[in-house]
Amino acid sequence: MDDLHSRRAFLFYLAASPALTLSSRALAQEIGMASDEVVAEITDMFNLFDFEPIAKAKLTDAHFTYMAMGVDGNDTVESNREGFEHWQIRVRRLVDVRNIDLRTIFLGTQYASPIGIAPCGTHTMFHPEGELAVARASSSRDALQLLSTVTTTSVEEVNQARQKPVWYQLYPTEDWNITQALVRRAEEAGCPVIAVTVDLPASNREAIDRFHRTTNPDCLACHTPGVEGSYARKPMFDGLDLSGISNSLAPQMDWAFVDRLKELTDLPLLLKGIVTAEDASLALEHGVDGLVVSNHGGRSIDSRRATIDALPEVTEAINGRIPVLVDGGFRRGTDVFKALALGADGVCIGRPYLWGLTAFGQEGVEKVLDLINRELRITMQQAGTPSLADITRQHVVRAGI
Ligand SMILES: Cc1cc2nc3c(=O)[nH]c(=O)nc-3n(C[C@H](O)[C@H](O)[C@H](O)COP(=O)(O)O)c2cc1C
């Protein structure tokens, strides 16, 4: 091994080692290497987890913490992963599985696979090409993409880079005029679906608070405290009067608000953040067009309830009447298979594509999608389910039953 490769391999080992408490940036500095030299080859990435240490090594501690954290003690981030241990796959044998078909249709549009991109804010924090790199990757892989309201690139530019429109994730804020303006702008940009996030009436993100963003000079070099900091630099808020909003949360949202949104737009309306049968039934009563079972990647409430465990009661209540997507902790093809068997129509991934973006830009996001789709294809071959329609509730069993 030449010197460069052995240094890379060493740093890759350091970055990947869960036992180390020092950040890999600090380690890189200790051995006299700039953190942006901490590189690995994309060909060294064999599963989604392989990207995380590379992303960690490339980001500041504050930015990596922002991406990784949940709320309170981050317990629900763990639960989202642990939930998959509660479900086992029942495989059937002697089925011809030479041809596996991952194609699926969401609300009238066909996609290459049931695995999509969850909306996450501020992509340029992770890579200079930010949302544009993600859009090009989701386009080249023909994957569903939901775009956050709090992006660092406008929806118009993202749709242009993608050459087909994203679904628009709406943070309504406390001010109806802003809600209205955001919906109109998404409509005019050609977005075919609005997905309103309903799981953030409040949140306790203490992991990031520990960085004292409003007083820490390192943070203040880029961040502006208050509403100005949250919104004024975000292109979707350009030209809007922000004086009526105090922060990014929306405690006023209720079912009357959902009705009002339905009246505002003719686009299909999804609710992102539903985790109970009761709310799923109410969503049907209020004419909602689809759901995303989500706990915001453990970033809303530290409920200790995995989304894969919440999914069955929601899909049972919906009973196929509207599409149900799910996100939270999906890292493996087997995870996706379990959700499909529990009645989900699709699955979104959040942090893993941010790891891919941080590590390798567009190519990294593409590789993340390729790897998890490859795993899903192999799982479907193993389970004897050549198409998505073949995956049923019989293909999964609660552990220990
Ligand atoms: C850094 C980060 C930013 C996020 N930003 C948003 C957002 O702007 N809007 C939203 O609805 N959800 C947001 N989410 C939640 C994701 O859409 C998704 O629900 C979650 O990431 C899925 O869990 P996973 O990261 O374990 O895959 C964000 C998540 C992360 C990690």
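All values below were derived from every heavy atom in this structure, side-chain atoms included, with hydrogens, water molecules and symmetry-related copies excluded.
By the ring-ring contact (aromatic ring centres under 6.0 Å, His included) test, F337 is found to be paired with no residue, residues two or more places apart in sequence or in another chain being considered. Judged as a side-chain hydrogen bond (donor to acceptor under 3.5 Å, both in side chains), and not counting sequence neighbours, the contacts of N204 are D72, E206. Residues meeting the ring-ring contact (aromatic ring centres under 6.0 Å, His included) test with Y111, sequence neighbours left out: F106. Remark: D266 engages no residue in a side-chain hydrogen bond (donor to acceptor under 3.5 Å, both in side chains) (not counting sequence neighbours). With sequence neighbours excluded, no residue forms a salt bridge (Lys or Arg N to Asp or Glu O under 4.0 Å) with D209. Shown here are the side-chain hydrogen bond (donor to acceptor under 3.5 Å, both in side chains) partners of E278, two or more places apart in sequence or in another chain: there are none. For the salt bridge (Lys or Arg N to Asp or Glu O under 4.0 Å) test, residues two or more places apart in sequence or in another chain that qualify with D370 are R141. In terms of the ring-ring contact (aromatic ring centres under 6.0 Å, His included) criterion, H86 has no residue partners (sequence neighbours excluded). Remark: D289 pairs with K262 by the salt bridge (Lys or Arg N to Asp or Glu O under 4.0 Å) rule, at least two apart or across chains.
Residues R304 and S79 have side chains that bring a donor and an acceptor to within less than 3.5 angstrom of each other. With hydrogens and angles left out, the side-chain atoms of E313 and T276 include no donor and acceptor closer than 3.5 Å. Between the side chains of S300 and N295, no donor-acceptor pair is found at a separation under 3.5 Å. In summary, the side chains of W355 and D50 do not present any donor paired with an acceptor at a separation below 3.5 Å, with no hydrogens or angles considered. In this model, a donor atom of one side chain and an acceptor atom of the other lie less than 3.5 Å apart for H395 and T392. In this model, no donor atom of one side chain and acceptor atom of the other lie less than 3.5 Å apart for T173 and D175. Side-chain polar atoms of Q382 and R93 form a donor-acceptor pair below 3.5 angstrom.
Atom CZ of R393 has more than 12 heavy atoms from other residues, nucleotides or ligands within 6.0 Å. The neighbour count for R184 CZ, taken as heavy atoms of other residues, nucleotides or ligands under 6.0 Å away, is above 12. Atom CD of E363 is surrounded by 12 or fewer heavy atoms from other residues, nucleotides or ligands within 6.0 Å. Heavy atoms of other residues, nucleotides or ligands lying less than 6.0 angstrom from CD of Q160 number 12 at most.
Rounding to the nearest 0.5 Å gives a distance of 13.5 Å between CZ of R213 and CG of D218. In this structure, the separation between CG on N216 and CZ on R210 is 14.5 Å, given to the nearest 0.5 Å. Separation of atoms CG (L269) and CG (D259) is listed at 10.0 Å; rounding is to 0.5 Å. Atoms CG and OG, on N99 and S387 in that order, are 11.5 Å from each other to the nearest 0.5 Å. Here CD1 of I391 is found 13.5 Å from NZ of K338. Values are rounded to the nearest 0.5 Å. The CG atom of L357 lies 11.5 Å from the CD atom of E366; values are rounded to the nearest 0.5 Å.
Nearest heavy atom pair, residue A310 against residue V293, reads CB-CG1, 4.4 Å. The heavy-atom pair separating V275 from S294 by the smallest distance is CG1-O, 3.5 Å. Taking every heavy atom of both residues into account, M69 and A207 meet most closely at CB-CB, 3.9 Å. Of all heavy-atom pairs between A344 and V326, the closest is CB-CG1, 3.9 Å. In terms of heavy atoms, F51 sits closest to A359 at CD2-CB, 4.4 Å. Considering all non-hydrogen atoms of both residues, V155 and C191 come closest at CG2-SG, 3.6 Å.
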Output side-chain donor-acceptor pairs under 3.5 Å for residues 371-380, partner residues at least two apart or in another chain, one line each.
from : atom 1 : to   : atom 2 : distance (Å)
N373 : OD1    : S113 : OG     : 2.7
N373 : ND2    : L369 : O      : 2.9
E375 : OE1    : G333 : N      : 2.9
E375 : OE2    : R332 : NH1    : 2.7
T379 : OG1    : E375 : O      : 2.7

What donor-acceptor contacts under 3.5 angstrom involve side-chain atoms of residues 124-135, with partners at least two apart or in another chain?
from : atom 1 : to   : atom 2 : distance (Å)
T124 : OG1    : T152 : OG1    : 3.0
H127 : ND1    : E129 : N      : 3.0
E131 : OE1    : T152 : OG1    : 2.8
E131 : OE1    : T153 : N      : 3.4
E131 : OE1    : T153 : OG1    : 2.8
E131 : OE2    : H123 : N      : 3.0
E131 : OE2    : T152 : N      : 2.8
E131 : OE2    : T152 : OG1    : 3.0

Solution key, residues 316-325 side-chain donor-acceptor pairs under 3.5 Å, sequence neighbours excluded:
from : atom 1 : to   : atom 2 : distance (Å)
R321 : NE     : I318 : O      : 3.0
R321 : NH2    : A317 : O      : 2.8

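F237 does not carry R185 over the face of its six-membered ring by the limits of under 6.0 Å from the centre and within 45° of the normal.
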Open item on the list: One pair to check against side chain to side chain donor-acceptor pair (under 3.5 Å): E156 and S154. What are the steps and the verdict?
Closed with: CA-CA 5 Å; E156 294 85 4; S154 70; 3.2 Å; yes

Task: Stepwise side chain to side chain donor-acceptor pair (under 3.5 Å) check, S138 with R162 - done: CA-CA 7 Å; S138 76; R162 198 168 178 270; 2.7 Å; yes

- [ ] Mind running side-chain contact (heavy atoms from CB on, under 4.5 Å) on Y353 and C120 for me, showing each step along the way?
- [x] CA-CA 10 Å; Y353 82 82; C120 294; 3.4 Å; yes

